[in-house]
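Down below is the structure, laid out as C-alpha cells.
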Amino acid sequence: MKYTQLGRTGLKVSRLVLGTMNFGPQTDEADSHAIMDAALDAGINYFDTANVYGWGENKGRTEEIIGNWFAKGGERRDKVVLATKVYGNMAADGDAWPNHDKLSALNIRRAVDASLKRLRTDYIDVYQFHHIDRRTPFEEIWQAVDVLVQQGKILYVGSSNFPGYKIAQANEIAARRGGTIGLVSEQCLYNLAERRAEMEVIPAAQEYGLGVIPWSPLQGGLLGGVIKKEVEGGHRASGRAADSLANTAIRAQVQSYEDLLDKHGIEPGEAALAWLLTRPGVTGPIVGPRTAAQLDSALRAVELELSDELLTGLDEIFPGPGPSPEAFAW
C-alpha cells in the first residue's frame with residue numbers, strides 16, 4: 001500500500017479509503033468484519049463511515065458493526081484512521097425532532113457522543129460535516145469543534161459535498177478565530193464521468209490545504225465494465241448506472257471507454273480508480289466493497305500505472321470542464 005499526508009496535516013493515510021456504506025444494508029456483520037480485516041492486512045488504514053449509514057430504521061448500524069470489529073482487539077482501533085460524519089436526520093421514521101440533525105452546536109455535541117458509543121471508541125480521527133448547513137454560522141460550528149478537540153473526542157474536521165465557496169468561507173472564519181485548524185479534507189463526487197469538481201471544489205481544497213477524498217469513483221458502477229458484464233454475463237445495470245445507460249450518448253461514451261481499456265488489457269474499474277490517483281489534490285478514492293473480491297480489485301488499482309497514451313485517451317472520452325472561470329466565462 002502507498003501512503004500520503006491528509007491535506008496539510010501530519011496524518012498519514014492510505015491511497016485507498018475503505019468505505020463502509022454497504023456494511024449492514026448489503027453485507028452482513030461477519031463478512032463486513034472479514035473485509036475490514038483484509039483491508040487492514042493490505043495496508044488500508046483510512047476507514048470512512050457516517051452516523052446515518054444503515055439507513056431507515058437501521059441508521060447507526062454501520063457504526064455499530066465497526067465498533068464491534070474494534071472490540072475484537074488486535075490493535076484494530078490503533079491502526080485505523082477513523083472518519084465518520086454528522087448532519088443527517090437520525091430518526092428512524094425520517095421525522096427528526098428539532099435539533100436532532102444538521103450542524104448546530106447542540107446536535108454536533110449529541111451526535112459525537114452517539115457515534116462514539118456505537119463505534120466503541122473514545123475518539124474520532126476525522127469528524128466530517130456531511131453537507132452544508134445553510135442556517136448555522138461557522139462561528140458556532142467552530143466553537144463546538146474547539147470544545148470537542150479540547151475534550152479529546154475528535155482530532156481533525158473535514159467536509160463532504162461542500163461547494164468551493166463554503167470551503168473557503170469555513171477556513172477563513174476558522175483562521176480569524178485563531179487556534180482552529182479548520183477543514184483538512186473534502187469528500188466530493190468525483191470520477192472520470194463526473195468531473196465538475198475540477199472547476200471550483202478541488203481548486204479550493206488545494207488552496208486551503210484540504211485532502212480530496214472522491215466518493216463514487218465508479219459513478220455508481222458505470223465505470224466498472226457495466227456494458228461488458230451486460231453482454232457477457234447477462235448482468236443488467238441498476239440504479240445510477242442504468243439511468244445513465246438509458247441515454248444513448250452516454251452509452252456510446254461508456255462503450256468507447258470499455259473498448260479503449262480492452263485494447264490496453266486493463267479492467268475498467270481498476271483504471272477508473274488508478275486515474276483518480278493521478279489527479280492533483282486527490283488523497284485517495286473511497287472504495288465501498290460488498291465482497292472480498294471487490295476489495296482485491298480495488299487494491300490492484302494502487303499498483304496500476306496508466307500510460308500517457310491511455311491518459312490522453314481517457315481525457316478525450318471524458319473531457320473535464322476546464323479551469324474556472326474560463327470553463328464558463330470565456
Side-chain angles (χ1 to χ4, degrees), residues 5-14 17-21 23-24 32 36 39-40 44-54 59-73 75-90 100-131 133 136 138 140-162 170 174 179-187 210-211 213 215 283-284 286 288:
Q5 306 301 127
L6 180 62
R8 65 188 185 280
T9 75
L11 196 61
K12 265 189 186 174
V13 295
S14 49
V17 180
L18 182 68
T20 63
M21 188 171 65
F23 295 175
S32 299
M36 286 188 279
L40 204 60
I44 296 177
N45 75 334
Y46 198 2
F47 288 20
D48 176 78
T49 191
N51 59 353
V52 294
Y53 289 173
K59 288 175 183 175
R61 177 60 183 146
T62 303
E63 287 187 331
E64 289 176 350
I65 288 172
I66 296 169
N68 292 340
W69 181 74
F70 285 148
K72 289 182 174 182
E75 298 184 325
R76 285 173 170 84
R77 178 64 189 95
D78 289 341
K79 291 178 179 178
V80 167
V81 174
L82 175 64
T84 191
K85 307 182 193 76
V86 58
Y87 178 86
N89 167 6
M90 290 297 290
H100 278 66
D101 62 358
K102 300 189 172 62
L103 302 179
S104 69
L106 177 57
N107 188 55
I108 288 174
R109 175 181 176 178
R110 178 184 292 117
V112 164
D113 287 341
S115 284
L116 290 172
K117 182 177 180 180
R118 287 189 293 265
L119 289 162
R120 300 176 71 169
T121 185
D122 56 5
Y123 71 100
I124 294 162
D125 296 286
V126 185
Y127 199 51
Q128 301 160 119
F129 307 134
H130 212 161
H131 194 277
D133 184 342
T136 304
F138 277 111
E140 177 181 344
I141 292 170
W142 288 130
Q143 183 180 44
V145 166
D146 287 346
V147 171
L148 294 175
V149 171
Q150 290 164 8
Q151 291 175 336
K153 293 180 178 180
I154 65 175
L155 302 182
Y156 303 95
V157 178
S159 57
S160 182
N161 307 305
F162 271 35
T180 299
I181 192 171
L183 300 174
V184 303
S185 62
E186 160 60 20
Q187 256 186 51
L210 279 67
I213 313 292
W215 61 267
T283 299
I286 296 175

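Note that the structure is predicted; figures quoted are calculated from it, not measured.
Side chains of Asn51 and Ser115: no donor on one and acceptor on the other come within 3.5 Å. No side-chain donor from either of Lys153 and Tyr127 sits under 3.5 Å from a side-chain acceptor of the other.
Taking the six-membered ring for Trp and the full ring otherwise, Trp69 and Phe23 have centroids separated by 6.0 Å or more.
Taking CZ from Arg61 and CZ from Arg118, the interatomic distance works out to 11.5 Å, rounded to the nearest 0.5 Å. Atom-to-atom distance recorded for Trp142:CH2 and Ile181:CD1 is 9.0 Å, nearest 0.5 angstrom. Taking CG from Leu82 and CD1 from Ile66, the interatomic distance works out to 6.5 Å, rounded to the nearest 0.5 Å. Atoms NZ and CZ, on Lys72 and Arg120 in that order, are 11.0 Å from each other to the nearest 0.5 Å. Leu210 CG to Gln187 CD: the interatomic distance, rounded to the nearest 0.5 Å, is 12.0 Å. Within the model, atoms CG of Asp146 and OG1 of Thr180 stand 3.5 Å from one another, a figure rounded to the nearest 0.5 Å.
Counting heavy atoms from C-beta on, the side chains of Asp101 and Met90 never come closer than 4.5 Å. Looking at heavy atoms from C-beta onward, Trp215 lies out of side-chain contact with Ile213 at the 4.5 angstrom threshold. Residues Leu6 and Tyr156 fail the side-chain proximity criterion, which asks for heavy atoms closer than 4.5 Å. The closest side-chain heavy-atom distance from Val80 to Asn45 is not below 4.5 Å. Looking at heavy atoms from C-beta onward, Phe129 lies in side-chain contact with Val86 at the 4.5 angstrom threshold. For the pair Thr49/Met21, no side-chain contact is recorded, criterion being any heavy-atom separation below 4.5 Å from C-beta on.
Using cut-offs of 30° and 60° on the angle between ring planes, the pair His131 and Tyr87 is tilted.
Between Leu106 and the choices Arg109, Arg110, Lys102, the side chain to side chain contact (heavy atoms under 4.5 Å, CB included) rule is met once, by Arg110.
In this structure, Ser159 contributes its side chain and Ser185 its backbone to a donor-acceptor pair below 3.5 Å. Between the side chain of Glu140 and the main chain of Ala105, a donor-acceptor pair closer than 3.5 Å is present.
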Can His100 and Asn89 be said to form a side chain to side chain contact (heavy atoms under 4.5 Å, CB included), step by step?
-> CA-CA 6 Å; His100 278 66; Asn89 167 6; 5.9 Å; no
Quick one: do Tyr53 and Asp48 satisfy side chain to side chain contact (heavy atoms under 4.5 Å, CB included)? Show the steps, please.
-> CA-CA 11 Å; Tyr53 289 173; Asp48 176 78; 4.3 Å; yes
For the pair Glu64 and Leu119, evaluate side chain to side chain contact (heavy atoms under 4.5 Å, CB included) and give the outcome as yes or no after the intermediate values.
-> CA-CA 6 Å; Glu64 289 176 350; Leu119 289 162; over 6 Å; no
Apply side chain to side chain contact (heavy atoms under 4.5 Å, CB included) to Leu11 and Val126, showing your working.
-> CA-CA 10 Å; Leu11 196 61; Val126 185; 4.2 Å; yes
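In this structure, Arg76 places its CZ atom where more than 12 heavy-atom neighbours from other residues, nucleotides or ligands lie under 6.0 Å away. Shown here is Lys117, whose NZ atom has no more than 12 heavy atoms of other residues, nucleotides or ligands within 6.0 Å. Around CD of Gln5, the count of heavy atoms belonging to other residues, nucleotides or ligands within 6.0 Å exceeds 12.
Between Leu103 and Ile108, the shortest heavy-atom distance links the atoms O-CD1, 3.5 Å.
Cation-pi contact between Arg77 and Phe70: present, with separation from the ring centre below 6.0 Å and deviation from the ring axis of at most 45°.
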